[in-house]
Each structure stands twice: as structure tokens, then as C-alpha cells.
Amino acid sequence: MIAEEIHKSIPPGGTRLMAEDPWFLGEEGCDRANRSAVFHPVRSEDELPAIEVGGVLVFLYLDHDEEAVRVSIHLDTADGQLVRPDGTVPLQVHCEDGVIFDDTRKVLAAARIEER
């Protein structure tokens, strides 16, 4: 599916969530978002399968040209409460048991600076 089409196809009362925290979901909000995850199957030749959680789209597919399993994460459709004040979405990527990407520490560092 095309990211814009997926975002438009969400039914009223679908995965759009409200949070008490101004920019990230609390424990209950995260649980609600995870439980309301949506799988978007391939419906035509020019689409790819995707999973959506909190507006974030993750496309996971086999790429014949690259001969690889490919993962594509689209954060531009993330629900607003997942977006940090600087406009970014905190992201941590795991492969098997290891963290291969982590920008969540930026949040902790910024919070520590503001406390001072």
C-alpha cells in the first residue's frame, strides 16, 4: 500500500490515539496502540505489505532486486503525540537481540539539560 492511502483509510475511531503526555503515550496509551495495530496486505502489484502502529508504517518484504529482506519505516505518518517537540519521532531498531539503531537517548539528554 502507499503510505498516504493507508493514512487516509483509517476509519473514524481507528488507531488515532489521544495522550495525556504532550508528546508521547503513557503505558496505557502504548498498550492501546499496540493492541490496535493494523496489517495492510498487498492489494495490487504496486503495493507492499505494511503494519501500522500509532500511525507509524513498517513495510517488511522480500526484495528480489536486492536479494534481501527489506524493512522500511515511515515516521512521517506517526500520530502527533509520538512526535517530539523537535519534530522527530524517537526510534529504536532491534535485529534479533541487538539494538542496531537508537536515538531515544536524545530525549533523556534533553530532559537532563532542561532540569539544570
Exercise. Would you say Gln92 has more than 12 foreign heavy atoms packed within less than 6.0 Å of its CD?
Worked result: yes

Seminar exercise, completed: All heavy atoms of Val89 vs all of Ala78, minimum pair found to be CG2-CB, 4.0 Å

Exercise. Is there a chain of hydrophobic side chains (I, L, V, M, F, W, Y, each step under 4.5 Å between heavy atoms) that links Ile100 to Val58?
Worked result: yes

For this session: Taking atom NE2 of His94 as the centre, report whether more than 12 heavy atoms of other residues, nucleotides or ligands fall under 6.0 Å from it.
Result: yes

Seminar exercise, completed: Smallest heavy-atom separation, Leu48 atom then Val42 atom, equals C-CG2, 3.7 Å

Exercise. With a 4.5 Å heavy-atom cut-off, do Asp63 and Val69 have their side chains touching?
Worked result: no

Exercise. Do the side chains of Asp31 and Leu25 get nearer than 4.5 Å, heavy atoms only?
Worked result: no

Exercise. What are the two closest heavy atoms between His74 and Ser72, and how far apart are they?
Worked result: NE2-OG, 3.0 Å

For this session: Please check if the side chain of Thr77 supplies one atom and the backbone of Val56 the other of a donor-acceptor pair under 3.5 Å.
Result: no

Exercise. When rounded to the nearest 0.5 angstrom, what distance separates SG in Cys30 from CZ in Arg35?
Worked result: 12.5 Å

Exercise. Got Leu91 and Leu75 here, is their nearest side-chain heavy-atom distance under 4.5 Å?
Worked result: yes

Exercise. Do you know which two heavy atoms are closest between Ser44 and Asp46, and how far apart they sit?
Worked result: OG-OD1, 2.6 Å

For this session: Could you give me the CA-CA distance, side-chain angles and deciding distance for Leu57 and Ile73, then say whether side chain to side chain contact (heavy atoms under 4.5 Å, CB included) is met?
Result: CA-CA 6 Å; Leu57 294 168; Ile73 303 169; over 6 Å; no

Exercise. Is any side-chain heavy atom of His64 less than 4.5 Å from a side-chain heavy atom of Leu62?
Worked result: no

Problem set entry | Closest approach of Thr104 to Arg84 (non-hydrogen atoms, all atoms of both residues) | CA-NH1, 4.2 Å

Problem set entry | Asp65/Arg70 ion pair, N-O < 4.0 Å | no

Exercise. Got Pro49 and Tyr61 here, is their nearest side-chain heavy-atom distance under 4.5 Å?
Worked result: yes

For this session: Would you mind reporting whether Leu60 and Ile51 have side-chain heavy atoms less than 4.5 Å apart?
Result: no

